[in-house]
Amino acid sequence: MAHWLVKSEPNAYSFDDLVRDGGTVWDGVRNNAAALHLKAMKVGEEVLFYHSQEGKAVVGLAKVARTAFPDKSDPTGRFVAVELKPVRPLKKEVTLADMKAEPKLAGMEMLRQSRLSVSPVSDEQWKTILKMAGG
DNA sequence: GCCAACGTTGGC
DNA sequence: GCCAACGTTGGC
């Protein structure tokens with residue numbers, strides 16, 4: 001099973017919003033690299049939910065509820081959306097500073113390319129982050 | 001098809 | 001608020 005990380009500005013859509021809604025369509029991605037990752041997602045795969053700008057931390061776990069389908073909000077029809085459901089909040093947030101300070105996470109895609117809104121997370125990175133979050 | 005200019009994202 | 005990184009656009 002692959003793992004992923006998605007970013008959202010909590011002002012626009014926070015993890016609490018996802019919990020409140022019980023799930024959401026993850027659309028609005030307008031970047032090819034990110035879209036490729038969306039297309040690779042499978043139902044049931046788990047996703048780290050990261051708050052950018054206000055927060056700068058991984059705050060919760062979500063999972064893929066529906067694989068990629070055409071993003072209705074995209075007039076060109078080139079991009080896709082998925083559906084995500086909340087799993088649980090993390091016991092402890094894992095901040096960007098925490099992740100940068102952890103050598104095991106040095107190769108993380110989201111650290112390498114900070115603007116990428118959807119990125120893959122390796123098994124080892126996944127385990128490391130969950131451990132940092134208090135299990 | 002190249003590349004400069006511009007816009008957007010996101011960390012600081 | 002600034003700036004670096006990166007993607008996109010448009011002139012040539």
Side-chain angles (χ1 to χ4, degrees):
Chain A
M1 289 263 274
H3 305 291
W4 310 96
L5 179 146
V6 299
K7 281 188 191 179
S8 184
E9 289 183 44
N11 292 336
Y13 197 84
S14 69
F15 187 74
D16 286 344
D17 292 331
L18 182 68
V19 170
R20 182 201 61 210
D21 293 346
T24 195
V25 174
W26 205 255
D27 61 5
V29 172
R30 296 290 181 271
N31 171 288
N32 252 310
L36 279 174
H37 296 317
L38 288 181
K39 287 179 189 171
M41 288 183 181
K42 299 195 178 75
V43 170
E45 286 181 343
E46 292 194 299
V47 179
L48 297 170
F49 197 104
Y50 175 83
H51 280 172
S52 62
Q53 311 206 77
E54 297 289 317
K56 281 175 287 180
V58 178
V59 295
L61 299 184
K63 67 178 175 182
V64 179
R66 184 182 171 194
T67 53
F69 57 94
D71 181 347
K72 288 198 206 80
S73 74
D74 170 29
T76 71
R78 282 184 297 167
F79 292 105
V80 295
V82 297
E83 280 181 24
L84 295 182
K85 279 189 175 174
V87 175
R88 61 177 173 86
L90 297 183
K91 271 186 206 162
K92 200 175 67 164
E93 290 186 352
V94 180
T95 66
L96 182 64
D98 291 339
M99 290 191 279
K100 283 187 168 173
E102 172 52 64
K104 283 182 187 167
L105 302 179
M108 259 186 94
E109 194 65 20
M110 75 94 65
L111 295 180
R112 261 183 5 96
Q113 199 180 328
S114 68
R115 286 184 51 200
L116 194 57
S117 58
V118 182
S119 58
V121 177
S122 75
D123 286 349
E124 196 195 358
Q125 291 160 358
W126 180 266
K127 281 181 207 156
T128 302
I129 290 169
L130 287 196
K131 192 182 284 180
M132 291 162 78

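Letters A, B, ... mirror the listed sequences (proteins, then strands); counts begin at 1.
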Cut-off 3.5 Å, no hydrogens considered: what does the side-chain donor-acceptor table look like for residues 115-122 of chain A, sequence neighbours left out?
| unit_1 | atom_1 | unit_2 | atom_2 | d |
| --- | --- | --- | --- | --- |
| Ser122(A) | OG | Gln125(A) | N | 3.1 |
| Ser122(A) | OG | Gln125(A) | OE1 | 3.4 |

Could you go through nucleotides 6-8 of chain C and list every protein N or O atom that sits under 3.5 Å from one of its N or O atoms, giving the distance for each pair?
| unit_1 | atom_1 | unit_2 | atom_2 | d |
| --- | --- | --- | --- | --- |
| dC6(C) | O2 | Arg115(A) | NH1 | 2.4 |

Could you list the donor-acceptor pairs under 3.5 angstrom formed by side chains in residues 14-26 of chain A, with sequence neighbours left out?
| unit_1 | atom_1 | unit_2 | atom_2 | d |
| --- | --- | --- | --- | --- |
| Ser14(A) | OG | Asp16(A) | N | 3.4 |
| Ser14(A) | OG | Asp17(A) | N | 3.2 |
| Ser14(A) | OG | Asp17(A) | OD2 | 3.3 |
| Asp17(A) | OD1 | Arg20(A) | NH1 | 3.1 |
| Asp17(A) | OD2 | Ser14(A) | N | 2.9 |
| Asp21(A) | OD2 | Tyr13(A) | OH | 2.6 |

Donor-acceptor contacts under 3.5 Å from residues 32-47 of chain A side chains, at least two apart:
| unit_1 | atom_1 | unit_2 | atom_2 | d |
| --- | --- | --- | --- | --- |
| Glu45(A) | OE1 | Trp4(A) | NE1 | 2.9 |
| Glu45(A) | OE1 | Lys42(A) | N | 3.0 |
| Glu45(A) | OE2 | Ala2(A) | N | 3.2 |

Take Leu130(A) and Leu61(A), measure what side-chain contact (heavy atoms from CB on, under 4.5 Å) needs, and give me the verdict at the end.
CA-CA 10 Å; Leu130(A) 287 196; Leu61(A) 299 184; 3.9 Å; yes
Between dG10(B) atom C1' and Leu5(A) atom CG, what is the distance in whole Å?
14 Å
Roughly how many Å is it from CE in Met108(A) to C1' in dG10(B), rounded to a whole number?
15 Å
Just to verify, what does His51(A) make a side chain to side chain donor-acceptor pair (under 3.5 Å) with, not counting sequence neighbours?
none
Roughly, in whole Å, what's the span from CD in Glu54(A) to C1' in dG10(B)?
12 Å
Contacts table for residues 99-109 of chain A: side-chain donor-acceptor under 3.5 angstrom, sequence neighbours left out:
| unit_1 | atom_1 | unit_2 | atom_2 | d |
| --- | --- | --- | --- | --- |
| Glu102(A) | OE2 | Lys104(A) | N | 2.9 |
| Glu109(A) | OE1 | Arg112(A) | NH2 | 3.4 |
| Glu109(A) | OE2 | Arg112(A) | NH2 | 3.2 |

Would you indicate, yes or no, if dG11(B) has its OP1 or OP2 atom less than 4.0 angstrom from a side-chain nitrogen or oxygen of Tyr50(A)?
yes
Is there a residue in residues 95-106 of chain A whose heavy atoms reach under 4.0 Å of DNA chain B, and which residues are they?
Leu96(A), Lys100(A)
Only counting residues at least two apart or in another chain, list the ones meeting side chain to side chain donor-acceptor pair (under 3.5 Å) with Asp71(A).
Arg30(A), Ser73(A)
Measure the distance from CE on Met110(A) to C1' on dA5(C) and round it to the nearest whole Å.
15 Å
Gln53(A): what forms a side chain to side chain donor-acceptor pair (under 3.5 Å) with it, not counting sequence neighbours?
Glu9(A)
